[in-house]
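Nothing here was measured: the structure is a model prediction, and the numbers come from that model. When a ligand or atom number is given, it counts from 1 through the structure's own listing order. Count residues from 1 along the sequence.
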Amino acid sequence: MRLIKVATCNLNQWAMDFDCNLKNIKESISMAKEAGAVIRLGPELEITGYGCEDHFLELDTVTHAWECLKELLLGDWTDGILCSFGMPVIKGSERYNCQILCLNRKIVMIRPKMWLANDGNYRELRWFTAWKQKEYLEDFQLPTEVSEALSQTTVPFGYGYIQFLDTAVVAEVCEELFSPIPPHAELALNGVEVFMNASGSHHQLRKLDLRLRAFIGATHTRGGVYMYSNHQGCDGGRLYYDGCSCVVVNGDVVAQGSQFSLKDVELVVAQIDLDAVASLRGSISSFQEQASCKKKISSVAVPFKLCQSFNLQMALSSPLKIRYHCPEEEIAFGPASWLWDYLRRSGASGYLLPLSGGADSSSVAAIVGCMCQLVVKEIANGDEQVKADAIRIGHYTDGQFPTDSKEFAKRIFYTVFMGSENSSEATKTRAKVLADEIGSWHLDVSIDGVVSALLSLFQTLTGKRPRYKVDGGSNIENLGLQNIQARIRMVLAFMLASLLPWVHSKPGFYLVLGSSNVDEALRGYLTKYDCSSADINPIGSISKTDLRAFLKWAAIHLGFPSLAEVEAAPPTAELEPIRVNYSQLDEVDMGMTYEELSVYGRLRKIFRCGPLSMFKNLCYKWGTRLTPAEVAEKVKYFFKYYSINRHKMTVLTPSYHAESYSPEDNRFDLRQFLYNARWPYQFRKIDELARDLDGDKVTIMKSTDQKKVDVRTDGGMGVVAAGSGDPRAGF
Ligand SMILES: Nc1ncnc2c1ncn2[C@@H]1O[C@H](COP(=O)(O)OP(=O)(O)OC[C@H]2O[C@@H]([n+]3cccc(C(=O)O)c3)[C@H](O)[C@@H]2O)[C@@H](O)[C@H]1O
Ligand SMILES: Nc1ncnc2c1ncn2[C@@H]1O[C@H](COP(=O)(O)OP(=O)(O)OP(=O)(O)O)[C@@H](O)[C@H]1O
Ligand SMILES: NC(=O)CC[C@H](N)C(=O)O
């Protein structure tokens, strides 16, 4: 037997905060050593933080990373343990995203990333060059201060593995695993047994499964130990890196870390018999045959043993049942953990939420409530960092700290219902009851006085006073009157967030939370710069359908029962007067249902459909109940409003990125914002095709394809035309 103990970790790094990052790295090494591990793997670019973005272009960033690495190598951190650290390295004139493999105070080799992540949220090619020399390892001249301090001048640099006396170990960096020809395939044939994947991978609803399938696939048919390390937390941007560091052996997960947590460092350890890898490989004839004629890959020989022989002190890790959170839990715990990091790192004293009693703002309130529950739980579990942060933010004195989530919420969470003459008692009461359940400091104000002051001002200025449509006004008047209310709410929210702490003799300021959801944004069903404009928004990329499921779940599992009633109520903006024969409803106003919007959203972004291909796909999907002409009208209607309102995406409140169909314009869904909203060419093509189809109902067989669709990538919305599925939809 060749027994080996390996450790990987989730680290909550913060881009550009070298002290914070180094502290976490050191703690993870200490924990790994204490556990007796001989390998410690950390996440991608852990020294700088993954999300430094254009800071990677600054030489300072690279210099500071070397300084931190030097500090690690001058201490006893790497004594007796192979450590893989992630940081940027400049070689010649190119900058590479590297794993630095260190042992016994020396750098053993540097492995630059070969296949960079460059789609969706990722832009690594903007900052790094992909390493393309695969034939041999080159010598890398260490920076002078490092080489003098370490008495080491050069190190092998490039694609290769480390050959120890008793096993072979290699780094494979994040995206490389998901590339069409992943390096681990040929490395396994070269006898590499342990793969260390350092990653910077963000949370997206229903994505974890894709990641785990890749680890399992990498080792199931070719054997091997796959170690995965990821960041965990908000490192300064819209993404939440969702940890889940794990160890997989021959296709079985034997150790799995948490996906959502408030911890800064979480170690994941596994004890493995490497002979199980050798044995599996020896039993697969095709593996043997391919290995016998493999392409040779360079290696660095290190005369050091990592394994122990058979002994009863080291028990072996057994295969685990993989833990997945349901999407409702993902919506609760991901955004709640992101909000906690944001709060503790922003210097704010809490959050303020305009709470309308509707589904969206109530979801946000529930997420903040969940955050308070997580904080109290983590403190009870003995996390000193969370405790210190909570004491600071909540202004506890005399040794007090949060022990009750409602009491904590009262200190750090203001909710405010800003009613107008158009608000109903029902929403006002729902807001109040929910606030009580969560424990927030709740205010109830009327904005009518401010609205009428503005209207009087307008009348003095122009001699005219707009009227609602129900009172005989035009569409323009009707919209204008709605938007005044919406925008006043925004102004009031920011005023309260900055001044309420002063009123309550607290230092600091509160951050304003936004609560518009992704579907409204896509359709433009929100007022620009109104209450949907805030400091941050935890649900800005979550669909209404998912939010409603979340509300039902949260009513029970977070202990906020009034959410069930919130969920059951029809969505309404309450910006127009309620009359016996009229009450404003979102779906009527929008001219489409939230469910339809979700379908348009997925086709547009995830399946990259322009108007014509969306029309064709929807003819299949809706063809049993709609004629092609009806489908054409719906598609054209959607694209018209999408493009008229696209400018609103440029000023969307920064939102937690949770969905691959997010229309967020600044980092994710890059598009123009001035369109010809008539789409003359594209709509003509749709009309021609619809005419050719001559109003026939398309006969769609209840094909097996339709049943086979994975509801997790399709959101349960049904099939998209065969062949257009996107296996990376969750990335
Ligand atoms: N191409 C372009 N590029 C840049 N900016 C452009 C633009 N076209 C218009 N604009 C600007 O955008 C403005 C129009 O947008 P905006 O002011 O948002 O107004 P608008 O989109 O006309 O109306 C707001 C919509 O949101 C709905 N709504 C529903 C539910 C809740 C709420 C709420 O707020 O609580 C709102 C409301 O019923 C209405 O349909 C124009 O007045 C102009 O200033
Ligand atoms: N009466 C109100 N009091 C406080 N805030 C409000 C009120 N009405 C609207 N808002 C705020 O403005 C945002 C946008 O309003 P909108 O009517 O579009 O609600 P929504 O996005 O459908 O959300 P909700 O489902 O929470 O009402 C809300 O999410 C909420 O934060
Ligand atoms: N850092 C990366 O290489 C990211 C890879 C991949 N897109 C993911 O989300 O996991």
So, Asn230 and Gln232: side-chain donor and acceptor under 3.5 Å apart, yes or no?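 There is no such pair (donor and acceptor under 3.5 Å, judged by atom type) between the side chains of Asn230 and Gln232.
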As an exercise, state the distance from OG1 of Thr415 to CG of Leu353, rounded to the nearest 0.5 Å.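 The CG atom of Leu353 is 7.0 Å from OG1 of Thr415, to the nearest 0.5 Å.
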Non-hydrogen atom of Glu176 closer than 4.0 Å to ligand 3: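 No, that is not the case, since the closest heavy atom of the residue is not under 4.0 Å from the ligand.
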Any Arg211 heavy atom less than 4.0 Å from ligand 3: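 For ligand 3, residue contact (heavy atoms, under 4.0 Å) with Arg211 is absent.
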Any protein heavy-atom neighbour for atom 44 (O) of ligand 1 (distance below 4.0 angstrom)?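 Protein heavy atoms within 4.0 Å of atom 44 (O) of ligand 1 - there are none.
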4.0 Å protein heavy-atom contact status of atom 41 (C) of ligand 1, strictly under: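 No.
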In terms of residue, atom name and distance, what is the protein heavy atom nearest to [atom]?
| atom | answer |
| --- | --- |
| atom 36 (C) of ligand 1 | Thr527 OG1, 3.3 Å |
| atom 10 (N) of ligand 1 | His647 CE1, 3.3 Å |
| atom 1 (N) of ligand 1 | Leu674 CD1, 3.9 Å |
| atom 29 (C) of ligand 1 | Tyr525 CZ, 3.1 Å |
| atom 30 (C) of ligand 1 | Ala573 CB, 3.3 Å |
| atom 34 (O) of ligand 1 | Asp530 OD2, 2.2 Å |
| atom 19 (O) of ligand 1 | Asn483 ND2, 3.2 Å |
| atom 17 (O) of ligand 1 | Arg487 NH2, 2.7 Å |

[X] contact mode with ligand 1 (heavy-atom cut-off under 4.0 Å):
| X | result |
| --- | --- |
| Lys648 | side chain |
| Lys528 | both |
| Gln482 | side chain |
| Asp586 | neither |
| Arg646 | neither |

Is there a donor-acceptor pair closer than 3.5 Å between any side-chain N or O of Arg487 and the backbone N or O of Lys528?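 Judged by distance alone, yes, a pair lies under 3.5 Å.
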Just by modelled atom types, is the Leu575 backbone N or O under 3.5 Å from a matching donor or acceptor in the Asn422 side chain?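 Yes, the answer is positive, given that a donor and an acceptor are paired below the 3.5 Å cut-off.
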Under the rule for salt bridge (Lys or Arg N to Asp or Glu O under 4.0 Å), what residues qualify as partners of Glu44, not counting sequence neighbours?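 Testing Glu44 for salt bridge (Lys or Arg N to Asp or Glu O under 4.0 Å), a comparison that skips the adjacent residues, returns Lys113.
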[X], any N or O under 3.5 Å of ligand 3 N or O:
| X | answer |
| --- | --- |
| Lys207 | yes |
| Ser201 | yes |
| Phe178 | no |
| Asp119 | no |

Are Asp665 and Lys648 close enough for a salt bridge, meaning some N to O gap below 4.0 Å?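 No, no charged N to carboxylate O under 4.0 Å.
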Which of the numbered atoms in ligand 1 are under 4.0 angstrom from any heavy atom belonging to Leu575?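 So the atoms of ligand 1 that pass are 31 (C), 32 (C), 33 (C), 35 (O), 36 (C).
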Exceeds 12 heavy-atom contacts within 6.0 angstrom, atom CD of Gln584: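 Atom CD in Gln584 is packed in, count exceeds 12.
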Among Leu526, Asn478, Leu479, closest by any non-hydrogen atom to atom 23 (O) of ligand 1: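 When every heavy atom of Leu526, Asn478, Leu479 is considered, Leu479 comes closest to atom 23 (O) of ligand 1.
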Heavy-atom nearest option to atom 7 (N) of ligand 3, drawn from Glu175, His231, His203, Gln204: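 Ranked by closest heavy atom to atom 7 (N) of ligand 3, first place is Glu175.
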Polar pairs, ligand 2 vs protein, N/O only, below 3.5 Å.
| from | atom 1 | to | atom 2 | distance (Å) |
| --- | --- | --- | --- | --- |
| ligand 2 | 1 (N) | Met418 | O | 3.2 |
| ligand 2 | 3 (N) | Met418 | N | 2.8 |
| ligand 2 | 8 (N) | Arg489 | NH1 | 3.2 |
| ligand 2 | 21 (O) | Asp360 | OD2 | 2.9 |
| ligand 2 | 21 (O) | Glu520 | OE1 | 3.2 |
| ligand 2 | 21 (O) | Glu520 | OE2 | 3.1 |
| ligand 2 | 22 (O) | Asp360 | OD2 | 3.3 |
| ligand 2 | 22 (O) | Glu520 | OE2 | 3.2 |
| ligand 2 | 23 (O) | Asp360 | OD2 | 3.3 |
| ligand 2 | 25 (O) | Ala359 | N | 2.8 |
| ligand 2 | 25 (O) | Asp360 | N | 2.8 |
| ligand 2 | 26 (O) | Ser356 | OG | 2.9 |
| ligand 2 | 26 (O) | Asp360 | N | 3.4 |
| ligand 2 | 26 (O) | Ser361 | N | 2.6 |
| ligand 2 | 26 (O) | Ser361 | OG | 2.5 |
| ligand 2 | 27 (O) | Ser356 | OG | 2.6 |
| ligand 2 | 29 (O) | Ser515 | OG | 2.5 |
| ligand 2 | 31 (O) | Pro354 | O | 2.7 |
| ligand 2 | 31 (O) | Ser515 | OG | 3.1 |

Is Glu44 touching ligand 3 with its side chain, its backbone, both, or neither, if touching means heavy atoms under 4.0 Å apart?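 It is the side chain that touches ligand 3; the backbone stays farther off.
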